[in-house]
Number of protein chains: 2
Amino acid sequence: MPAPSAASEARQNLTANAWADAALEAIATGGLDAVAVEPLARKLGVTKGSFYWHFNSRGELIRAALDLWEKSETVDILARIEPTSDPYERIVNVFKQANASYRAGRLYLAIAAGEDHPVVNEYVRRVSEARMNYLRDCYRDLGFSESQARHWARFAYATFMGNLQIRRDTPDAMPQGAEFNEYLRLMITTLIPREVAADGAPEHPHVVPMRRAGTP
Amino acid sequence: MPAPSAASEARQNLTANAWADAALEAIATGGLDAVAVEPLARKLGVTKGSFYWHFNSRGELIRAALDLWEKSETVDILARIEPTSDPYERIVNVFKQANASYRAGRLYLAIAAGEDHPVVNEYVRRVSEARMNYLRDCYRDLGFSESQARHWARFAYATFMGNLQIRRDTPDAMPQGAEFNEYLRLMITTLIPREVAADGAPEHPHVVPMRRAGTP
DNA sequence: CTCTAACAATACGCACACGTATGGTTCAAG
DNA sequence: CTTGAACCATACGTGTGCGTATTGTTAGAG
């Protein structure tokens, strides 16, 4: 374990961050197992000897990378959409932000895939819960009861996560351009009911047993 | 490569399937990388020598496991819900089936996580597309236009996939018992509009700009 | 100029998994 | 009883990644 002096802390932190960044990049493309010291060192143009000065173990690097990730996925994201106080707009922004960065989506899925690892699970849970709680608060501000708000937040979050997966696994099934915007509008208008009755349920007849079309 | 005689084919196929089953189980719990010959052999009470008689390589085992998986996830599943000719009920059944087996969900996510592997990607694409196409047909039978049916199928499939992920990553966020049924009903009633207008869009005012409650 | 902290290269031991080679066991056919 | 196929064990070589130890190299403080 190095004992960094105050003078050199800036440079040391910078290179440690470089390692963590490279680790995140490796996760995004090759999954958690791609965080291997020797390949990363090769990619960074150094050898293991450098790595084990900055970190004590591979696990420490993973923690550092996950710290970086958690920060970028909660603090940074939410800070960017917080200014809007309108809950409707906030939810819409979450959706648009979510579908904006392809890399962030891949990263999320790759990290979540390592949920058997207890440390990773810890981070994934925190990030997921933060996002779902954020959505729940939006729905509550929209006038939903606590219970309904949780349901809708879970629903919306699931849809969001599933879209990430579809885009990764079957990109051809995800439209682009105008058709994608149409798809996005459909999801937004469906997932954000705009009138709420006194009992905390949406107003338009979602649960009315009004049989489908086609078989009158 | 062995040249099995007709007499012993039954036993040989049986043990080859045992290997493939064990491989699937390994994927479900430890991901694709857990499909390692030597650990699997230990778990099956044999050694590598046995494995390399049945298969030529680790990749061949993965293919066999994925064959098994593809069959269980498309043919078997769809056969079980096909009897119902009512498209509404078919979609509902897809949702209920999807949320029924925890193991199948984990398996799906674990396999999908290895989409960088070209062979795996091939299987994942086929299974995903088969399911989405099935849903699309249901929506079309419900009276939707081709374009709208695709949108709704993608939407429903994304929600379904996301719920798998939520249940895996943050099980506490997924309710159980009566509350889960409530959640399920919410998703079903939201994702299956029951009246379709002539232009192929749902009838109730999804896209009417009828501002939300709370800020009159 | 010297010394020391920060940083990096090299070399080593270890563990584990892939794949191969080869020998051992069982069983049924001839 | 012999033979050969089916099936499995053992042993080996190779690659690769982790972690450690040891030895440079560089730059700034004194």
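Excluded from the calculations below are hydrogen atoms, water molecules and symmetry mates; all remaining heavy atoms, backbone and side chain alike, are included. Letters A, B, ... are given to chains in the order of the sequence lines, protein chains preceding strands, and every chain is numbered from 1. Model, not experiment: these values are computed from the prediction.
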Student: Would you mind reading off the distance between B:Phe55 atom CZ and D:dC8 atom P, rounded to a whole angstrom?
Tutor: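 For the pair B:Phe55 CZ and D:dC8 P, the rounded distance is 12 Å.
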Student: Say whether, by atom type as modelled, one donor and one acceptor occur between the side chain of B:Arg167 and the main chain of B:Asn99 under 3.5 angstrom.
Tutor: yes
Student: Kindly say if A:Arg42 contacts the phosphate of D:dT16, meaning a side-chain N or O under 4.0 Å from OP1 or OP2.
Tutor: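 Answer no for this pair, as no side-chain N or O of A:Arg42 is under 4.0 Å from OP1 or OP2.
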Student: Choose from C:dT20, D:dC18, C:dA9 the nucleotide whose nearest atom is closest to any side-chain atom of A:Val37.
Tutor: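 So the nucleotide nearest the side chain must be D:dC18.
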Student: Between P on C:dT20 and CH2 on B:Trp53, what's the gap in Å once rounded to a whole number?
Tutor: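 Taking CH2 of B:Trp53 and P of C:dT20, I get 16 Å after rounding.
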Student: Out of D:dC8, D:dG17, C:dA17, which nucleotide sits closest to the side chain of B:Ala36?
Tutor: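 My answer, after comparing the listed nucleotides, is C:dA17.
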Student: Report yes if a side-chain nitrogen or oxygen of A:His54 is closer than 4.0 Å to either non-bridging phosphate oxygen (OP1 or OP2) of C:dA8; otherwise report no.
Tutor: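 Affirmative; the distance criterion is met.
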Student: Whole angstrom is fine here: how far is it from CD in A:Glu38 over to P in D:dC18?
Tutor: 6 Å
Student: Tell me the interatomic distance from B:Arg58, atom CZ, to D:dG15, atom P, rounded to whole angstroms.
Tutor: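 Whole-Å distance recorded here is 18 Å.
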Student: What I want to find out is whether A:Arg106 reaches B:Glu115 closely enough, with some N-O distance under 4.0 Å, to be called a salt bridge.
Tutor: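 Yes, A:Arg106 and B:Glu115 are salt-bridged.
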Student: Between D:dA9, D:dG17, D:dT20, which one does the side chain of B:Ser50 approach most closely?
Tutor: D:dA9
Student: In whole angstroms, how far is the P atom of C:dA17 from the NZ atom of B:Lys43?
Tutor: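 So the NZ-P distance, B:Lys43 to C:dA17, works out to 11 Å.
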Student: Would you mind reading off the distance between B:Phe51 atom CZ and C:dA17 atom P, rounded to a whole angstrom?
Tutor: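 Answer to the nearest Å: 14 Å.
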Student: Scan side-chain atoms only and decide if B:Tyr123 and B:Asp67 contain a donor-acceptor pair under the 3.5 Å cut-off.
Tutor: yes
Student: Rounded to whole Å, how long is the line connecting atom CG of B:Leu44 with atom C1' of D:dA9?
Tutor: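 Answer to the nearest Å: 15 Å.
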Student: Could you state the atom-to-atom distance from CH2 of A:Trp19 to C1' of C:dA8 in whole Å?
Tutor: 10 Å
Student: Ring-plane angle category for A:Phe144 and A:Tyr139, please: parallel below 30°, perpendicular beyond 60°, tilted otherwise.
Tutor: perpendicular
